[in-house]
Amino acid sequence: MATIQSFRVGKVTSYLRGKVWYLRYHEHGRRHQVRGSEDKKAARQLASQVNAQLETGAPAATSFQPITITQLRGLWLDHHEHVLRSSVATINRYRTASDHLLNFVAEQCPNKQASRFGVHDAEGFVRYLRKLEVAPNGHANAAKRRLRDKGVKYILEVCRSLFNFAIKRRHMPPYAENPFSVIEIDRIPVEDATPFTDLSPEKE
């Protein structure tokens, strides 16, 4: 009978399963079991880091609650509705804007977890929005056109807020960057804004 290989560093137990060392520990009453490394030395270093964080009360480097982007959007809108008490109009705007992200995820990476949505995915989403044609007034029979730069930026800003919520609620790995902050949304130029024409005195 094979002997189970394992070692312990303080509050963290590491055990070998196949070729990979896994870590097991409890944090705030919850049991965590995460992948460590194929290298025993690296796994021991990670176990030492996690144990030190548990001892000081800091968030463990491996602790977060993975959820899908669809689940994340639901929690975020619920937070705006029942906690922040945002207006119905604001929530509807957020829902409409984030629908584009859910559609992209459904087409490109179904059931993808928010923690695995990286900068490369965010850039792919921008390209997706640039090619998307929508009805300006939302009516199914209206003529469709490409999203304007201002509309693209607004959708990306909403998605950035969504992932900021994910980071605060620990649905992203500790120290993970917001993928929509990394792509520098604020630097995207608005080159096709609808021109503004002053009213003539007669029309005023």
key: Given Val105, Val152, Ile155, the one that forms side-chain contact (heavy atoms from CB on, under 4.5 Å) with Phe125   = Ile155

ask   = Centres of the Phe163 and Phe117 rings: under 6.0 Å?
value = yes

request  = Check whether any side-chain N or O of Asn103 sits under 3.5 Å from a backbone N or O of Asp99 as a donor-acceptor pair, and report yes or no.
outcome  = yes

note = Heavy atoms of Ala114 and Leu72 approach each other most closely as CB-CD2, 3.9 Å

Parallel, tilted or perpendicular, as decided by the 30° and 60° cut-offs, for the rings of Tyr94 and His80 = perpendicular

ask   = With distance as the sole test, does Asn51 use its side chain to make a donor-acceptor pair with the main-chain N or O of Ala47 at under 3.5 Å?
value = no

query = If we ignore angles and hydrogens, is there a donor and acceptor under 3.5 Å between the side chains of Arg73 and Ser98?
reply = yes

ask   = Are a donor atom and an acceptor atom from the side chains of Arg31 and Gln33 found within less than 3.5 Å of each other?
value = yes

ask   = With no hydrogens and no angle check, is any side-chain donor or acceptor of Ser14 less than 3.5 Å from a backbone partner on Leu23?
value = no

ask   = Is there a donor-acceptor pair closer than 3.5 Å between any side-chain N or O of Thr96 and the backbone N or O of Arg93?
value = no

request  = In plain terms, say whether Lys112 and Asp121 are close enough for a salt bridge, that is, a side-chain N and a carboxylate O under 4.0 Å apart.
outcome  = yes

message = Tell me whether the count of non-hydrogen atoms from other residues, nucleotides or ligands lying under 6.0 Å of CZ in Arg116 goes above 12.
response = no

query = Glu55 versus Lys11: any side-chain heavy-atom pair under 4.5 Å?
reply = yes

message = Regarding Arg44 and Asp39, does a basic nitrogen lie under 4.0 Å from an acidic carboxylate oxygen?
response = no

ask   = Is there a donor-acceptor contact under 3.5 Å linking the side chains of Arg24 and Thr13?
value = no

task = State whether the side chain of Arg146 and the backbone N or O of Arg130 hold a donor-acceptor pair below 3.5 Å, judged by distance alone.
result = yes

